[in-house]
Protein chains: 2
Amino acid sequence: MNKRIADLNRYLADKGLKITRQREAVAQVFFDTDGHISAEELYVKVSRSYPGVGLTTVYRTLKLLKEAGLAKERRFAEDSQGVFEKEDTARHHDHLICIRCGKIVEFKEPLIEKLQDEVAQRHGFSVEDHKMELYGLCSSCRTA
Amino acid sequence: MNKRIADLNRYLADKGLKITRQREAVAQVFFDTDGHISAEELYVKVSRSYPGVGLTTVYRTLKLLKEAGLAKERRFAEDSQGVFEKEDTARHHDHLICIRCGKIVEFKEPLIEKLQDEVAQRHGFSVEDHKMELYGLCSSCRTA
DNA sequence: GTATCTGCAAAACTTTTGCTTATTT
DNA sequence: AAATAAGCAAAAGTTTTGCAGATAC
């Protein structure tokens, strides 16, 4: 059940880097988080379970997770902070973003992915990854 | 031919804001720019034609352009700076990006847009705009 | 004449870096 | 024992804000 932690540790070992309590703590809390989380938010969350881990370490660990292909960073225009999400969930899901309240909903739509492949093929491309963001108004903002 | 400047001026007048040399300079250079540009880059570019315009004013004018619906801000994960592009070119087209050679192909796929609307509706959202980027290999990079 | 603007310097934020001590291997 | 990591504080980079003088209406 800690496959991802194992993946990270393998990556670290490979590179001659060390497995530390702090790295495991940050990674564990990160992997237990669904959706996006900023470095700052992750820091707060980690601090609850493992006090004494510094913000710097959170940043540095997130960087490692990105290098290891386990995390992905995104930046939304509305937000000054970058956010991170698990790479495997990042891979095939997209975002609905409310332009009024900023609410973000994740969704998956296999049909869209199929169409993306078709369009790409028509242009001679193979698709490795994609990013899609839909901007609009969520139900509460629409009725308000 | 300066339709967009006129649009901006109308917006300013409407809001009781003033049309100034600096705002026109920033807007003009921005509208003459294709693709994305950061505030800093725009500042440098503006300074060449209209020296003495401050970076602060560039930021403030870009903010106005966004409010007026004439500019759009984006942030890419790789970059710490936000970038801006003209709203009308940003609208309703999507990008195929080759991850090896960087080639970018623009395309439109009405069927995908229709699906986007459906998905959004399912989550209670209305769609005002969208952004989609497909990353893969173009034909020449695939065969190479 | 009054309200808005500009540009500067300073502040606010997010992220990175240098350094000393601590930990992992 | 040698090398890497952690945490702090400080720096760096981007964007915003306060303010005094300037400009548009």
Side-chain angles (χ1 to χ4, degrees), chain A residues 5 8-30 36-47 49-68 71-84, chain B residues 5 8-30 36-47 49-68 71-84:
Chain A
I5 294 283
L8 173 60
N9 289 349
R10 205 169 309 126
Y11 175 83
L12 293 174
D14 257 30
K15 291 250 175 182
L17 305 177
K18 294 169 181 171
I19 298 167
T20 65
R21 268 176 296 107
Q22 291 92 330
R23 280 178 182 164
E24 288 214 24
V26 173
Q28 189 61 67
V29 174
F30 174 71
H36 336 96
I37 190 163
S38 69
E40 182 76 36
E41 286 163 348
L42 184 54
Y43 166 65
V44 170
K45 219 170 156 189
V46 168
S47 298
S49 334
Y50 309 86
V53 173
L55 178 56
T56 306
T57 298
V58 172
Y59 272 105
R60 288 199 267 231
T61 304
L62 282 168
K63 198 176 174 189
L64 284 173
L65 288 169
K66 277 201 296 182
E67 286 166 19
K72 203 157 212 265
E73 186 174 3
R74 308 186 101 105
R75 299 185 110 93
F76 295 100
E78 307 68 38
D79 205 343
S80 50
Q81 285 186 313
V83 291
F84 299 81
Chain B
I5 295 283
L8 172 61
N9 290 348
R10 204 168 310 123
Y11 176 82
L12 294 173
D14 257 31
K15 290 250 175 183
L17 305 176
K18 291 171 182 171
I19 298 167
T20 65
R21 269 174 298 109
Q22 290 93 330
R23 280 177 182 166
E24 289 214 22
V26 173
Q28 190 62 67
V29 175
F30 174 71
H36 338 94
I37 191 163
S38 69
E40 183 76 34
E41 286 164 347
L42 184 54
Y43 165 65
V44 170
K45 218 170 156 189
V46 168
S47 298
S49 334
Y50 310 86
V53 174
L55 178 57
T56 307
T57 299
V58 172
Y59 272 104
R60 288 197 270 230
T61 304
L62 282 168
K63 198 176 173 190
L64 284 173
L65 288 169
K66 278 200 296 183
E67 286 167 20
K72 203 151 214 274
E73 185 174 3
R74 313 181 79 173
R75 298 184 112 94
F76 295 100
E78 310 69 38
D79 205 342
S80 50
Q81 285 186 313
V83 290
F84 299 81

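Order of the sequence lines sets the chain letters (A, B, ...), proteins ahead of strands, with each chain counted from 1.
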Within less than 4.0 Å of OP1 or OP2 of C:dC5, is there a side-chain N or O belonging to B:Gln22? no
Go through C:dC8, D:dG7, D:dT15 for me and flag the one nearest to the A:Thr56 side chain. D:dG7
Send over the distance from B:Gln81 CD to C:dT14 P, rounded to a whole Å. 17 Å
May I ask you to decide if B:Arg21's main-chain N or O and B:Glu24's side chain share a donor-acceptor pair within less than 3.5 Å? no
B:Phe30 and B:Lys45, any side-chain heavy atoms less than 4.5 Å apart: no
Check whether any side-chain nitrogen or oxygen of B:Thr57 sits under 4.0 Å from OP1 or OP2 of C:dG7, and answer yes or no. yes
Residues B:Tyr50 and B:Gln28: side-chain donor-acceptor under 3.5 angstrom: no
Roughly how many Å is it from CD1 in B:Ile19 to C1' in C:dC5, rounded to a whole number? 13 Å
From CZ of B:Arg60 across to P of D:dC19 the rounded distance in Å is 13 Å
Looking only at C:dT16, D:dA6, C:dC5, the nucleotide nearest the B:Arg23 side chain is C:dC5
How many Å lie between CG on B:Leu17 and C1' on D:dA24, as a whole number? 12 Å
Which whole-number value in Å describes the distance from A:Leu65 CG to C:dT15 P? 15 Å
Does a side-chain N or O from A:Ser80 land closer than 4.0 Å to OP1 or OP2 of D:dT14, or not? no
If we ignore hydrogens and angles and just use 3.5 Å, is the side chain of B:Thr61 paired with the main-chain N or O of B:Thr57 as donor and acceptor? yes
Separation of C:dT15 C1' from A:Tyr43 OH (nearest whole Å): 15 Å
Should A:Leu64 and A:Leu17 count as side-chain neighbours, where that means a heavy-atom distance under 4.5 Å? yes
Rounded distance in Å - NZ (A:Lys18) to C1' (D:dA1): 11 Å
Check this one for me: any side-chain N or O of B:Tyr59 less than 4.0 Å away from OP1 or OP2 of D:dT16? no
Of A:Phe84 and B:Leu12, whose nearest nucleotide on DNA chain C comes first from the 5' end? B:Leu12
Residue whose closest nucleotide on DNA chain D lies nearer the 5' end, A:Leu55 versus B:Arg75: A:Leu55
Euclidean distance, atom CG of residue A:Leu8 to atom P of C:dT24 [Å, nearest integer]: 15 Å
